[in-house]
Trainee: 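First, the structure itself, so that you have it in front of you.
Just so it is clear, the structure is predicted and the values come from calculations on it, not from any experiment.
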Amino acid sequence: MGSAIYGQQGELGQLFSKETQAIFFNWKEKPVQRMLDFDFLCGRPTPSVACIVQPGSNGGFQKVFFGDEEIAIPVYGSTTEAAKKHPKADVFVNYASFRSAYESTMEALQTATVRVVAVIAEGVPEKDTKRLIAYARSNNKVIIGPATVGGVQAGAFKIGDTAGTLDNIIACKLYRPGSVGFVSKSGGMSNEMYNVLSRATDGLYEGIAIGGDTFPGSTLSDHCIRYQNIPQIKMIVVLGELGGQDEYSLVSALKEGKVTKPVVAWVSGTCAKLFKSEVQFGHAGARSTGESDSAQAKNAALAAAGAVVPDSFEGLEGAVRATYQKLVEQGVLTPQADIEVPEIPMDLAAAVKLKKVRKPTNVVSTICDDRGEEPTYYGVTMSQLIEEDYGIGDVLALLWFKRKLPKYFTKFMEMCIMLCADHGPCVSGAHNSIVTSRAGKDLVSCLVSGLLTIGPRFGGAIDDAARCFKKACEDGLPAASFVEGLKKQGKRVPGIGHRIKSKDNRDKRVELLSKYARRVSTTTAAV
């Protein structure tokens, strides 16, 4: 891999290789999976995503596919930790929102092992972008973006959603390197141009979308000068747009001989002349504020500097094809041979949708069914439950016992629920243990979650008991003296015995349930 683009002329080179790995900031499943699918198409031995940074995370992993194999990519809570664990990952793919893009990007730039940062977010404040650019230039780092889809080195490495779907990647032959270096402001137009290059040439070698903001982290000329020093790149294609002065830096590079390889260029936005007032196009920087910012002026300047500039965008493919054929005829390049592309297994969800596979059910419910017009509880519809005046006990009978139970039994269940519905704090420990168990935790965790709920109102006043017993031990009191002393103070021994209920003063709830059970005992015995 070459060094960053802000060094001396002899130091310029390619940013990526087949061994390049990235730190992916702010987990997004589709971009990560697309990067790994591209890796598999290219025959990479290892995935290009080394790890994921999810701020605030306690670690763990995310499951993704690498070909037909499911792998786990480690997750870290900070960039510092990720860089320490994966020092060879020198590309930082930043999917943070525009609100946090500055902080996360600056942290990455300040990380010694990171060379290239791709900032995907749109809407990053210009003042923040300028600070990032200044730091990157002074520290020999590379920024692609903001407001970018990223970049791709054919057959080696791609950033996020660059080049779109697998079908598009295969159609554009990006699974193996070609001979053309491409740079544009637009990610969408880059995808279109990769297709054009696959038809008009032997394909792309490297493509970068610098982003459509007014102040991109790296410029069109930065990458063109870098392409000049990559031997595999034989020609350069540039797609600019109206607004700003970026294209004029390329004009200067052509005139000064910094770029001597054939350049085919087109600046979009010539239609702006048809409007009577200033027009803001899709990108933040696509706005002409003067004659020099216009697409016509830029195209003319590029042509005068030696670039091949067609009469319109429609003529761009023909100009690229003619320039490429000329290089082939001159023996400057030998067209790259195509290779066999491995087939990426189809995701199960996609295959099911296309009715290419049959998927067995994961869960079978024997008590509920929602396949018809309305859900049913063990064959009884929701309408029946409401219209025939079913109660809570009747519903529980259907769900728990899979049958309709006698009214006396369902009434008993309802009485239990009513009497125990509000049992104060006394069930908090058991409740926490149950919830922890249902979450799939181990036995010790379940026990601890219940114990941590012990307090003055639950657990037999165990804290107060411990304090009293400890003080008695420290004072050297015999047990009899300890109890007698508390008795004289009119205090109970904490944690010993129930304060209210006993065998001689039974809980009213117990009496009510017993009384009901005895009253219906004859019916119960018959059942």
Side-chain angles (χ1 to χ4, degrees), residues 23-33 36 47 49-66 69-86 95-96 100 347-349 359-370 375 377-378 392-393 395-402 413 416-467 469-470 494-496 498 509:
I23 297 172
F24 194 101
F25 188 91
N26 196 20
W27 161 250
K28 306 287 182 187
E29 182 181 5
K30 285 188 177 180
V32 170
Q33 188 58 66
L36 268 59
V49 180
C51 62
I52 297 162
V53 174
Q54 194 66 35
S57 169
N58 293 322
F61 61 89
Q62 289 288 355
K63 294 194 298 181
V64 290
F65 284 101
F66 186 58
E69 179 185 358
E70 192 172 31
I71 63 172
I73 298 181
V75 176
Y76 303 102
S78 69
T79 299
T80 301
E81 184 183 7
K84 184 178 180 181
K85 294 288 182 64
H86 303 273
Y95 268 79
S100 58
D347 289 339
L348 180 60
K359 181 179 179 295
T361 55
N362 295 321
V363 177
V364 177
S365 174
T366 61
I367 56 176
C368 299
D369 191 343
D370 60 0
Y377 288 164
Y378 201 65
I392 294 295
V395 171
L396 292 179
L398 293 172
L399 295 177
W400 292 358
F401 300 100
K402 299 183 183 179
M413 287 196 292
C416 292
I417 293 172
M418 288 189 288
L419 295 174
C420 301
D422 181 15
H423 198 43
C426 300
V427 294
S428 55
H431 175 268
N432 286 356
S433 295
I434 292 169
V435 171
T436 308
S437 173
R438 296 300 297 161
K441 300 292 286 184
D442 57 273
L443 181 61
V444 173
S445 298
C446 298
L447 175 62
V448 168
S449 69
L451 293 175
L452 289 176
T453 319
I454 290 176
R457 299 182 64 197
F458 170 64
I462 193 169
D463 289 344
D464 288 342
R467 279 190 286 268
F469 296 158
K470 181 174 182 293
I496 296 181
H498 199 285
R509 292 167 294 190

Trainee: Please answer whether the main-chain N or O of Asn432 pairs with a side-chain N or O of Thr436 as donor and acceptor at a distance below 3.5 Å.
Mentor: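 Yes.
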
Trainee: For atom CG of Asp442, decide whether the heavy atoms of other residues, nucleotides or ligands shown that lie under 6.0 angstrom number more than 12.
Mentor: yes

Trainee: Surrounding CD of Glu29 (heavy atoms of other residues, nucleotides or ligands, distance under 6.0 Å), is the total greater than 12?
Mentor: no

Trainee: Rounded at 0.5 Å granularity, tell me how far CD1 in Ile73 sits from CD in Gln33.
Mentor: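 Answer rounded to 0.5 Å: 8.0 Å.
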
Trainee: For Pro47 and Leu36, which heavy atoms make the closest approach, and how far apart are they?
Mentor: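 Scanning both residues completely, I find the closest heavy atoms to be CB-CG, 4.1 Å.
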
Trainee: Do Ser57 and Tyr76 come close enough that some side-chain heavy atom pair is under 4.5 Å?
Mentor: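 In short, these two side chains do not touch, never coming nearer than 4.5 Å.
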
Trainee: Could you measure the distance from the OG atom of Ser78 to the NZ atom of Lys84? Nearest 0.5 Å is fine.
Mentor: 10.0 Å

Trainee: Is the number of heavy atoms from other residues, nucleotides or ligands within 6.0 Å of CD1 (Ile392) greater than 12?
Mentor: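 Check fails, neighbour count at 12 or below.
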
Trainee: Side chains of Val435 and Ser449, heavy atoms from C-beta outward: is any pair under 4.5 Å?
Mentor: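 Counting from C-beta outward, Val435 and Ser449 never come under 4.5 Å.
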
Trainee: Could you check if a side-chain atom of Val53 sits within less than 4.5 angstrom of a side-chain atom of Ile23, using non-hydrogen atoms only?
Mentor: yes

Trainee: Does the Asp370 side chain pair with the main chain of Pro375, one donor and one acceptor, at a distance under 3.5 Å?
Mentor: no

Trainee: How many angstroms lie between atom OG of Ser437 and atom CG of Leu443, to the nearest 0.5 angstrom?
Mentor: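 Those atoms lie 8.5 Å apart.
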
Trainee: Can you confirm whether more than 12 heavy atoms, excluding those of Tyr378, are under 6.0 Å from its OH atom?
Mentor: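 Incorrect, the count does not exceed 12.
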
Trainee: Using modelled atom types and a 3.5 Å cut-off, is there a donor and acceptor pairing between side-chain atoms of Gln54 and backbone atoms of Trp27?
Mentor: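 Yes, the answer is positive, given that a donor and an acceptor are paired below the 3.5 Å cut-off.
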
Trainee: Is there a side-chain contact between Gln62 and Phe24 in this structure, where contact means two heavy atoms from C-beta onward sitting under 4.5 Å apart?
Mentor: no

Trainee: If we only count heavy atoms from C-beta on, is the Pro74 to His86 side-chain gap below 4.5 Å?
Mentor: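 Counting from C-beta outward, Pro74 and His86 do come under 4.5 Å.
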
Trainee: Would Leu396 and Ile417 count as a side chain to side chain contact (heavy atoms under 4.5 Å, CB included) if you check the C-alpha gap in whole Å, the side-chain angles of each, and the deciding distance to 0.1 Å?
Mentor: CA-CA 11 Å; Leu396 292 179; Ile417 293 172; 3.4 Å; yes

Trainee: Enter the distance from Lys85:NZ to Thr80:OG1 here, rounded to the nearest 0.5 Å.
Mentor: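 OG1 of Thr80 is found 12.0 Å from NZ of Lys85.
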
Trainee: Report, as yes or no, whether the 6.0 Å neighbourhood of atom OH on Tyr377 holds more than 12 heavy atoms from other residues, nucleotides or ligands.
Mentor: no

Trainee: Please report the interatomic distance CZ(Phe61) to CD1(Ile52), rounded to the nearest 0.5 Å.
Mentor: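 Answer rounded to 0.5 Å: 11.0 Å.
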
Trainee: Can you check whether Thr366 reaches Lys402 side chain to side chain, under 4.5 Å on heavy atoms?
Mentor: yes

Trainee: Provide the closest heavy-atom pair for Ala82 versus Cys51 in the form atom of the first, atom of the second, distance.
Mentor: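 Where Ala82 meets Cys51 most closely, the heavy atoms are CB-SG, 3.7 Å.
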
Trainee: Is there a side chain to side chain contact (heavy atoms under 4.5 Å, CB included) between Leu399 and Cys368 once you walk through the steps?
Mentor: CA-CA 8 Å; Leu399 295 177; Cys368 299; 4.0 Å; yes

Trainee: Looking at Asp347 and Ala349, would you say the former's side chain and the latter's main chain have a donor-acceptor pair under 3.5 Å?
Mentor: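 No; judged by distance alone, with no hydrogens or angles, the pair does not exist.
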
